[in-house]
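Data first, discussion second: the structure below is written as structure tokens.
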Amino acid sequence: MSAQEKIIREKLSDYYSTVFEKELIEEIVEVGFIDKFKAGETLIDIGENMTHIPLILDGAVKIIRQEKEGDELVLYFLEKGDTCAVSFINCINRKKSIFKGVVENDVEAIFVPVEKIDDWLAKYKTWRYFIIDSYHFRLIEMVESIDGLAFMNMNQRLLKYLTDKAKINKDINIEITHQQIAKDLNTSRVVITRLLKQLHNDGKVFSTRNKVKVLDF
DNA sequence: ACATTAAGTGATT
DNA sequence: AATCACTTAATGT
């Protein structure tokens with residue numbers, strides 16, 4: 001057994017042993033490989049073909065919907081133990097990605113070739129449940145995101161965005177510019193500046209240049 | 001000291 | 001809530 005295989009086996013049993021049966025883990029060890037990505041790297045872009053599916057071990061990925069150039073909106077984050085079930089369906093249909101995935105925190109993940117996904121769905125009950133479960137969870141996050149757009153004002157959306165981000169980073173100190181926040185929420189910088197000042201005065205955040213500290217949880 | 005980038009603000013739609 | 005036009009503050013070289 002190679003050192004790489006050993007590592008995969010260990011990592012898998014750390015996060016997925018209770019979920020997957022032994023035979024499945026063996027298959028993953030056989031065809032999967034570990035890869036790492038630095039924050040800011042684009043994992044997948046809209047329109048690209050997916051060749052591998054990530055099982056995230058560490059870090060976080062920001063999932064973005066993008067409309068042509070410039071117009072974009074952050075939908076949700078993927079974390080440890082997550083996978084993007086939406087990408088599975090993309091793969092099975094041999095379609096191109098409908099989302100963009102950018103690394104939020106340095107990511108370590110096991111990558112599994114697309115061809116296996118389908119096989120395993122028929123072969124392993126645990127894999128089937130894993131996929132359905134994951135798909136369900138993504139759907140809920142998506143609905144939350146729609147709710148945000150439909151029923152929440154920018155003020156609430158901003159606060160949710162900041163608390164979500166603090167949770168993902170496990171740090172209430174966020175390093176970000178008003179401009180970047182505006183981009184993620186698909187609004188203008190001026191609006192963020194003003195709302196952030198409101199939140200600051202309300203004692204919900206403490207913000208300085210390039211930094212926002214989330215005080216209200 | 002100067003240039004660049006980030007943030008704050010009033011007025012208007 | 002968005003946009004414009006402009007000011008002020010912080011930071012890098």
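Predicted model, so just to flag it, every value in this text is computed and none were measured. Order of the sequence lines fixes the chain letters, A, B, ..., with proteins taken first and strands second; residue numbering starts at 1 for each chain.
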### Message
Tell me if the centroids of the rings in A:Phe130 and A:Phe20 come within less than 6.0 Å of each other.
### Response
yes

### Message
Output the rounded distance in Å from CG (A:Leu195) to C1' (C:dA2).
### Response
12 Å

### Message
At 4.0 Å (heavy atoms only), tell me whether A:Thr193 reaches a base, stays on the sugar-phosphate, or touches nothing.
### Response
base

### Presence of salt bridge, A:Lys62 and A:Asp184, under 4.0 angstrom
yes

### Query
Does NZ or CZ of A:Arg138 come closer than 6.0 Å to the centre of the six-membered ring of A:Tyr76, within 45° of the ring's axis?
yes

### Query
Taking atom P of B:dG8 as reference, at what distance in whole Å does atom CG of A:Leu199 sit?
12 Å

### Task
Mind calculating the distance between CZ (A:Arg194) and P (B:dT9) to the nearest angstrom?
9 Å

### Query
Between A:Arg209 (CZ) and B:dG8 (P), how many Å, whole number?
10 Å

### Message
What is the separation between atom CG on A:Leu149 and atom C1' on C:dA1, rounded to the nearest whole Å?
### Response
14 Å

### Query
If you find the nucleotide of DNA chain B closest to A:Gln180 and the one closest to A:Lys197, which residue's nucleotide is nearer the 5' end?
A:Gln180

#### Entry: Gap between atoms CG and P, on A:Leu158 and C:dA2 respectively (whole Å)
12 Å

### Summary
note: A:Asn210, atom CG; C:dT11, atom P; distance rounded to Å ~ 8 Å

### Query
Taking CG from A:Leu73 and P from C:dA1, how many angstroms apart are they, rounded to a whole number?
15 Å

### Query
Between A:Lys123 and A:Glu23, is there a side-chain N and carboxylate O pair less than 4.0 Å apart?
no

### Message
Using every non-hydrogen atom in the two residues, find where A:Glu115 and A:Thr51 come nearest and quote the distance to one decimal.
### Response
OE2-O, 4.4 Å

### Task
Look at the side-chain N and O atoms of A:Lys211 and state whether any lies under 4.0 Å from the OP1 or OP2 oxygen of B:dA6.
no

### Task
Kindly say if A:His178 contacts the phosphate of B:dG8, meaning a side-chain N or O under 4.0 Å from OP1 or OP2.
yes

### Message
Looking only at the side chain of A:Thr187 (C-beta and beyond, no hydrogens), which of the listed nucleotides B:dT9, C:dA1, C:dA2 gets closest?
### Response
C:dA2

### Message
With a cut-off of less than 4.0 Å, is there a side-chain N or O of A:Ser188 near OP1 or OP2 of C:dA1?
### Response
no

